[in-house]
Structures are given as C-alpha cells and as structure tokens.
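Worksheet for the structure shown next.
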Protein chains: 2
Amino acid sequence: MISSIAELISDRIGAMPAGERRAAQTLIANYPLIGLKTVAEFSAAAGVSSPTILRFVARLGFQNYPEFQSSLQDELAAQLQSPASRTLSPSSPGGGAVSPMLEATLDNMRETFRHLSDKQLADIVAKLADRRGKTFLIGGRFTDPLARYMAAHLAIIQPNVFHLAGQESVWRDRLIDMGKRDVLIIFDIRRYQDSLVRFAETAHQRGVQIVLFTDQWLSPIARFARHVIAGRTAVPSAWDSSAALFVVAETLIGAVTRQLEADSAKRIRELESLR
Amino acid sequence: MISSIAELISDRIGAMPAGERRAAQTLIANYPLIGLKTVAEFSAAAGVSSPTILRFVARLGFQNYPEFQSSLQDELAAQLQSPASRTLSPSSPGGGAVSPMLEATLDNMRETFRHLSDKQLADIVAKLADRRGKTFLIGGRFTDPLARYMAAHLAIIQPNVFHLAGQESVWRDRLIDMGKRDVLIIFDIRRYQDSLVRFAETAHQRGVQIVLFTDQWLSPIARFARHVIAGRTAVPSAWDSSAALFVVAETLIGAVTRQLEADSAKRIRELESLR
DNA sequence: CAAAATACGTAACATACGATACAGCGCTCC
DNA sequence: GGAGCGCTGTATCGTATGTTACGTATTTTG
C-alpha cells in the first residue's frame, strides 16, 4: 500500500524520463515544500520547464497541479498533528486498547499548547484576575463538567464566580446580570449546541467578554469570542476527548491563582476558618 | 523578538477588529496550513470575506498574500528540517508559566498509566459493561465534575447510570437502591471528604462493588474498593491536578463503548430518533 | 442623540498562474 | 545512415486568484 506521495515517487521514478526524474529528485530533496510553491518556482528549482513539472504530476496520477498540492497539504497536516505518534507508537508494543488512547491524548495536549501562546494565556489570566466584574461559566452537554470544575476552583479564590446550569430558561434569565465588565467562559465542542450559540450571541451583544473553549473546528461562538482556545479532540474512540481542554483549564486556574496570590491566600484562610 | 508568525499574531490580536480576529483565530487553530491555501478557502474557513483576510495579512505587515504565504512556508521548512525544534521550542522562552505545567501533566499521565495494567482496566471495563446491575457515580468537591463527565457518557450507551449529586442527605438515601450487582464509581482526592468515606463504607457493607479514582496517596476509601485507580496529581500549581484521572476516565468510557459496540450503537440511533 | 469614523462585504478588475498546442531536438531501431 | 518515435522547451491561451474601489452597516465619539 502506498500512503505518501514520497513513496509513490520512489515507486515510479524508475519509469520516468530524464526531465521528470529531475523534478522527482528535486521534490524529494526539498520534500514537500517545493511542491507547495508555484509550478514556475518548482520548475526553476529543478532546472526544467513548467510543462515538465505538469507532466510529472500527471504521471503520478493527479488530474492537475492544485490536486497534487492538496494531497501534499493533507499529508503535511497529518504529519503536523501527530508528531509523536509515529515515532513513539512502536515503543509500546503491548498494544492493549490503552496506549493508543494515551498516546493520542498526549499528542493532543502537546498540539493544543503548541497553538497556544503565552501571550494569549496571559491576556485571559489578566482578564480573569481583574476583579471588577463577574465571571460566568457554562458548558455544553459533555463539557458542562469542565465548566463546573473550573468554577469550583475560581469561586474559591475570588468572589462573583457563577456556574450556569440547569434548564435553559434559568441561565438565559441570568443574562440580565451580565454587562461589559463581566466575563463569560463557554465550553462548546461538536456537536455545537444552538442554545449555547444563541446565549453567547446575546451575551456578546450586551458587551460581555467571551472566552471560548472549543475544538479545532471552532464552534460558531468563536465569532463572538474575545479569546478562543482551540483544543484537539481526536482520539481512537467513539467519543471526542476533552482532556486537552481540561488541561488548559487547569493551567488557567493555576495561573489566575498565582496572579491573585495575596488575595486568594487571605480568602482561603478565611474560608478555612468558616468550616 | 518575534520569530514566528504565530507569535506575531498573538501579539497583535488584541488590536484587531472582530473579523480579522476571527481570521487570526482560525489560522492559529489550523496553523499553518490554512494559510497556505487560497484566500477564498481561508476566508470560507474563517467565515469572513476575502478582503478581510487580505486586510488581516496586511495588518501583520505583509505587502501581499503571496509574501505572507512565503513566510509561512519558510517557517514550515525550518520546522521540518529540525524535528527536535518542535519539542524544544516551548521550553525556550524563559519561564512562561505554561510549559512546566504542561510537562508535569504529561508526566503525570505517563506515570499514572505505567502503574495501570491492561488487566486491571479490562476487569473494570468488563464489570461496567456487564449490565445486570446499576452504575452510580459520585465525586468530591473538585472531582464531582469528573463523575458527571463520565456519567454523561455512560448514560448514553447503557441504561441504569446515575450520577449522585446535590445535598448529602439526598444521595445517602439512594443507598437503599444499591445492591450486590451494582457498581459505585467514586472520585476522591485530597483532601478526602469524610462524607464520601462514610458513604463508601455503607455501600461496601451492602455488597456494592466500588471503583475508586483517587490520588497516589490513596483515599481511605481504597480500603473498601474492589478496584483502585491511583492517578498522579502533582503539578507546579497551588492546586492538585485531576487531569490524569480525567484521561483514565475517558479511556474507560471509550473501552466500555467499544465493548458494548452493538448495543450502544443501537441505543445511540434510538436516542437520535428521539430528538 | 447625532455625526463621524471605522469596519466589513459585494463586485469589478488585473495579474499571474496553470494548462495546452506545437515545434525542435535527440535517441533508437531498422 | 535514414526514418520514426519520444522527450523537452517555447509560446500562447483561458482561468482562477489576489487585489482594489466603493457602498453599506456598525460602532464610537462629541
């Protein structure tokens, strides 16, 4: 079976005329980036003419040059998204149903954080730690627990943290309490829930700043969000994984706590004494 | 100093209008491949118009779209040529609060699964998939969301799954419904809650099989538990991390789903039709 | 509340890109 | 050594792509 274009090339390079072979060698040597450039650049790099490049990709079985480029991009996407899985998977020979799941989850986390800059997190932390407004949290069917988890922690280190739960009509009415200074943290992954989108839209119209936790395909709520955290969710399971988002949530919780160091320490002592 | 376009974006995303921010977010979420496609595809993915994409790249300082794409390609080339740079880059900026947290969490997961045998997980899966009894889930102050998360999934693929929540008196009374064939999944990490321990003890006396999710120091409930999953919780934060337990939970959910493949598929179809 | 400024999308435009027809050259085989 | 075939490059064409101008909607400011 042939899985990559590189293999396809080395498979057929023997049956190619000289010019196309030069094209093939140039592509292999600069794989795959030269193939993403224009035909003109590719041909210049290979030292052949444009038509030769086109004949080359045609011989590989592609209908046209864009189709060839799309294939290269898809390949690249798969490679970028699971950098470790191909190198690490042989290391765990046991092959129970466990390790693929773990490996995929670890990859997801690395990948999620790779797309997440310190700056972006710092902005969110600053917003959450700036206590002039209220913080609301809400989640979808499977992500509501994440909202709860985050709310449980944030509520300890600062006042005015509210988790929105229960029937839609209940939390929809809470919109009346939300304004410009407030922050709304929403968790929403596929399949995105209409009720949440509507809620987010209304909140946005009221000037509420929205922090969205979603998957890599971005919930439509991203449209209204001030900050978007896109977590990877793909795992070898019938379900999507929220683990990466969970870890981001924990990271934020930790960072906000550190930010509010002085205040939160006092608050925690006070809470202790209440028991 | 700004070395990558991703950093450049997160640096300026705050000063962008809504549409361009949306473009920025989709690029970060699908970095960098979406930026190598055509303006039309990029704009469609971001849900904005082509000119917005062009204004976006212009704001980043590029003269035109091709120049922007070249930059992305150069970046990609550098990244592909030294695969190690990807794993090293997060550690390079001096002490962002991010990577230590992530690294610790990843370590926790690896360590947690290292102490977890396939056999042990298989036993638990078999027990959960054996549907002659009921399944109850309950958690502590911070771990209740994990119980909810697991319950939300299990309840879809099989009947008789109950999450115990609310006031102590409420779920304590549910003990009357629990018997030998039933399973009780408890989440309990430091500081262990007395109420949970008492609950577990009573359930144990009634013959309920207990599956305990706890930390490496083991909740006292371990004494009554049939299966104990000990997750690592230490991270550089004021709080303990439940991420490792979360991943174990997701793994179990996935495994049980696979086990009940036929049944659950039918159930899910039936649920879909109810909507 | 009004007015200005900013931002966004629609539509027309120009360019540059990929595709193709054709001619020249070299190679092989009779 | 000559005729035929195949490979390659030049030049041209059509089109898809990036670009820009302009009108409308939205937000901000006085």
Side-chain angles (χ1 to χ4, degrees), chain A residues 5 9 12-27 32-73 179-181 200-210 220 222-226, chain B residues 5 9 12-27 32-73:
Chain A
I5 297 181
I9 291 171
R12 303 193 186 174
I13 197 172
M16 288 183 190
E20 298 179 31
R21 192 175 304 155
R22 287 187 69 179
Q25 284 162 348
T26 315
L27 177 56
L33 280 171
I34 197 76
L36 298 178
K37 297 184 184 290
T38 65
V39 175
E41 285 177 287
F42 191 172
S43 66
V48 297
S49 68
S50 317
T52 301
I53 299 295
L54 295 174
R55 282 188 281 264
F56 162 66
V57 302
R59 192 182 297 268
L60 291 179
F62 296 98
Q63 293 299 322
N64 49 30
Y65 195 71
E67 183 183 308
F68 162 73
Q69 287 188 318
S70 292
S71 272
L72 281 180
Q73 287 190 356
K180 290 192 209 307
R181 334 192 97 166
E201 182 167 12
T202 312
H204 174 67
Q205 284 164 0
R206 294 182 63 89
V208 179
Q209 304 222 7
I210 295 179
R223 186 182 188 82
F224 315 116
R226 188 91 171 69
Chain B
I5 296 181
I9 291 171
R12 303 194 184 174
I13 196 171
M16 289 184 189
E20 298 179 29
R21 190 177 309 148
R22 190 130 197 257
Q25 283 159 351
T26 34
L27 176 57
L33 280 171
I34 196 78
L36 297 178
K37 299 187 183 288
T38 66
V39 175
E41 285 177 289
F42 190 171
S43 66
V48 297
S49 67
S50 316
T52 300
I53 298 297
L54 295 172
R55 282 189 282 264
F56 163 65
V57 304
R59 193 181 296 266
L60 291 179
F62 297 98
Q63 293 299 321
N64 49 30
Y65 195 73
E67 184 183 308
F68 161 74
Q69 288 188 317
S70 294
S71 272
L72 281 180
Q73 287 187 356

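Proteins come first, then strands; the chains are lettered A, B, ... in the order of their sequence lines, and each starts at number 1. Scope of the values below: all heavy atoms of this structure, side chains included, with no hydrogens, waters or symmetry mates. Here the structure is a predicted model, which is why all the values come from computation and not from measurement.
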Separation of [Y] [atom2] from [X] [atom1] (nearest 0.5 Å):
| X | Y | atom1 | atom2 | result |
| --- | --- | --- | --- | --- |
| A:E201 | A:R223 | CD | CZ | 8.5 Å |
| A:R55 | A:T52 | CZ | OG1 | 4.5 Å |
| A:L60 | A:E20 | CG | CD | 8.5 Å |
| B:I53 | B:T38 | CD1 | OG1 | 10.0 Å |

Nearest-angstrom distance from the residue atom [atom1] of [X] to [atom2] of [N]:
| X | N | atom1 | atom2 | result |
| --- | --- | --- | --- | --- |
| A:I53 | D:dC7 | CD1 | P | 16 Å |
| A:E67 | D:dA16 | CD | P | 15 Å |
| B:R21 | C:dA7 | CZ | P | 11 Å |
| A:R223 | C:dC8 | CZ | P | 10 Å |
| B:E20 | C:dG9 | CD | C1' | 13 Å |

Close N/O contacts between protein and nucleotides 18-21 of chain C (under 3.5 Å):
unit_1, atom_1, unit_2, atom_2, d
C:dG18, OP1, A:V39, N, 3.1
C:dG18, OP2, A:V39, N, 2.7
C:dA19, OP1, A:Y65, N, 3.1
C:dA19, OP2, A:Y65, N, 3.3

ask   = Would you say D:dG9 has OP1 or OP2 under 4.0 Å from some side-chain N or O of A:T52?
value =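 Answer is yes, contact under 4.0 Å.
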Verdict with reasoning, A:V39 to A:F68, per side chain to side chain contact (heavy atoms under 4.5 Å, CB included) = CA-CA 11 Å; A:V39 175; A:F68 162 73; over 6 Å; no
message = Check the orientation of A:F42 and A:Y65. Use parallel for under 30°, tilted for 30 to 60°, and perpendicular for over 60°.
response =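 Tilted: the ring planes of A:F42 and A:Y65 meet at 30° to 60°.
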ask   = Can any side-chain N or O of B:R12 pair as donor or acceptor with the backbone N or O of B:R59 at less than 3.5 Å?
value =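 Such a contact is found between B:R12 side chain and B:R59 backbone.
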message = Looking at A:G35, is its backbone amide N or carbonyl O close enough to the side chain of A:Q69 to form a donor-acceptor pair, meaning the two atoms are under 3.5 Å apart?
response =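 Present.
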request  = Starting from the first five and the last five pairs of the helix from C:dC1-D:dG30 to C:dC30-D:dG1, work out the angle between the resulting helix axes, to 10 degrees.
outcome  =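 The two end axes of the helix from C:dC1-D:dG30 to C:dC30-D:dG1 meet at 30°.
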